[in-house]
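Below is one structure, written out as structure tokens; comments come after it.
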Amino acid sequence: MMTVEGLTTVPSAHGVKDTIDRLESDVKSKGMTIFARVDHAAGAKAAGLALRPTELLMFGNAKGGTPLMQANQTIGIDLPLKALAWEDADGKVWLSYNEPAWLAARHGLPPGIAEAAQRLTAAIGAVTKAAAA
């Protein structure tokens with residue numbers, strides 16, 4: 001696992017598309033909403049550019065995210081949750097996401113709300129691990 005402050009990256013045992021397909025299925029099974037799926041490589045290709053496989057899934061649940069925005073609306077720039085599956089130069093696939101607890105700290109959310117963000121961190125950690133396994 002690679003970690004940059006606030007960003008967790010885990011290896012995936014699947015290709016980019018399959019990783020995002022698995023994540024989307026798990027997220028839906030947990031009652032969360034899929035807001036968007038972005039194929040960055042397809043966008044690059046349409047612009048005449050090359051990009052290794054890279055897909056983003058935006059998902060969440062109003063019950064989880066709204067309390068964070070009620071505490072400080074600026075966190076809305078970082079919500080809904082996002083996960084990025086990408087292939088590195090060696091052909092290895094990774095799955096990255098912003099940690100909700102880190103986002104809460106970034107936006108200065110109070111401790112009671114930060115605890116809710118920590119629960120979201122555990123949730124996104126679980127679905128991304130399952131998708132990558």
Side-chain angles (χ1 to χ4, degrees):
M1 178 167 60
M2 298 184 299
T3 302
V4 174
E5 186 177 8
L7 181 72
T8 294
T9 298
V10 296
S12 179
H14 310 281
V16 168
K17 182 185 180 322
D18 289 343
T19 299
I20 293 295
D21 286 346
R22 292 168 56 90
L23 179 61
E24 183 173 0
S25 177
D26 196 23
V27 163
K28 284 179 179 176
S29 77
K30 294 187 176 2
M32 290 185 254
T33 301
I34 303 298
F35 293 101
R37 183 168 175 167
V38 179
D39 185 338
H40 288 295
K45 184 176 181 180
L49 301 169
L51 181 67
R52 290 185 298 274
T54 307
E55 287 194 37
L56 176 76
L57 188 70
M58 297 174 65
F59 59 94
N61 180 311
K63 288 184 180 182
T66 301
L68 303 178
M69 288 187 279
Q70 287 171 330
N72 186 348
Q73 284 180 279
T74 64
I75 199 167
I77 198 154
D78 290 314
L79 296 176
L81 299 173
K82 299 167 203 67
L84 180 75
W86 52 282
E87 183 181 296
D88 70 16
D90 295 324
K92 178 107 180 93
V93 175
W94 301 90
L95 188 57
S96 302
Y97 62 91
N98 286 319
E99 299 162 6
W102 181 82
L103 295 173
R106 175 180 179 209
H107 292 276
L109 299 186
I113 297 298
E115 290 170 15
Q118 289 172 340
R119 287 190 294 276
L120 287 177
T121 296
I124 193 172
V127 295
T128 55
K129 260 189 195 171

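Scope of the values below: all heavy atoms of this structure, side chains included, with no hydrogens, waters or symmetry mates.
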* To do: Could you give me the CA-CA distance, side-chain angles and deciding distance for K28 and M32, then say whether side-chain contact (heavy atoms from CB on, under 4.5 Å) is met?
  => CA-CA 5 Å; K28 284 179 179 176; M32 290 185 254; over 6 Å; no
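- The distance from atom CE of M58 to atom CG of L81, rounded to the nearest 0.5 Å, is 9.5 Å.
- Nearest heavy-atom pair across D18 and H14 is CB-CB, 3.9 Å.
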* Run the numbers on W102 and E5 for side-chain contact (heavy atoms from CB on, under 4.5 Å), then give the verdict. => CA-CA 8 Å; W102 181 82; E5 186 177 8; 3.3 Å; yes
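- Contact detail for T19 and A131: the closest heavy-atom pair is O-CB, 3.7 Å.
- Across N61 and G31, no two heavy atoms sit closer than the pair ND2-O, 4.1 Å.
- Closest non-hydrogen pair, A104 versus A117, comes out as CB-CB, 3.6 Å.
- Partners of D26 by salt bridge (Lys or Arg N to Asp or Glu O under 4.0 Å), not counting sequence neighbours, listed by chain and number: K30.
- Counting heavy atoms from C-beta outward, F35 and P80 have side chains that approach closer than 4.5 Å.
- Using a 4.5 Å heavy-atom cutoff, the side chains of P11 and V93 are not in contact.
- More than 12 heavy atoms of other residues, nucleotides or ligands lie within 6.0 Å of NZ in K82, so this atom counts as buried by the packing criterion.
- Criterion: ILVMFWY side-chain heavy atoms under 4.5 Å apart, direct or through other members. Under it, L23 and V16 are not part of a common hydrophobic cluster.
- We find the CG-CG distance between L120 and N98 to be 12.5 Å, quoted to the nearest 0.5 Å.
- For T128 (side chain) and G125 (main-chain N/O), a donor-acceptor pair under 3.5 Å exists by modelled atom type.
- The pair D88-R52 does not count as a salt bridge, with every side-chain nitrogen at least 4.0 angstrom from each carboxylate oxygen.
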* Dump the intermediate steps for side-chain contact (heavy atoms from CB on, under 4.5 Å) on I113 and L68, then the final yes or no. => CA-CA 6 Å; I113 297 298; L68 303 178; 3.2 Å; yes
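- L109 and A71 make their closest contact through CD2-CB, 3.8 Å (heavy atoms, listed as atom of the first residue, atom of the second, distance).
- Distance check, rounded to the nearest 0.5 Å: CZ of R119 to CD1 of I124 gives 15.5 Å.
- Enclosure of atom CD1 in I77 is not indicated, since only 12 or fewer non-hydrogen atoms of other residues, nucleotides or ligands lie within 6.0 angstrom.
- A donor-acceptor contact closer than 3.5 angstrom links the side chains of T74 and H107.
- Side chain of R22 to main chain of A133: a donor-acceptor pair is present (N/O by atom type, distance under 3.5 Å, no hydrogens or angles).
- In this structure, the side chains of I34 and V27 come closer than 4.5 Å at one or more pairs of heavy atoms.
- A83 and I20 get closest at one heavy-atom pair: O-CD1, 4.1 Å.
- Side-chain contact, E99 with T8: a donor N or O sits under 3.5 Å from an acceptor N or O.
- For K92, the NZ atom is densely surrounded, since the number of other residues' heavy atoms within 6.0 Å is greater than 12.
- Applying the side-chain contact (heavy atoms from CB on, under 4.5 Å) rule to T54 yields the partners H40, L51, L84, W86; only residues at least two apart in sequence or on another chain are considered.
- Legend: residues meeting side-chain hydrogen bond (donor to acceptor under 3.5 Å, both in side chains) with D21, ordered by chain and number and at least two apart, are K17, R37.
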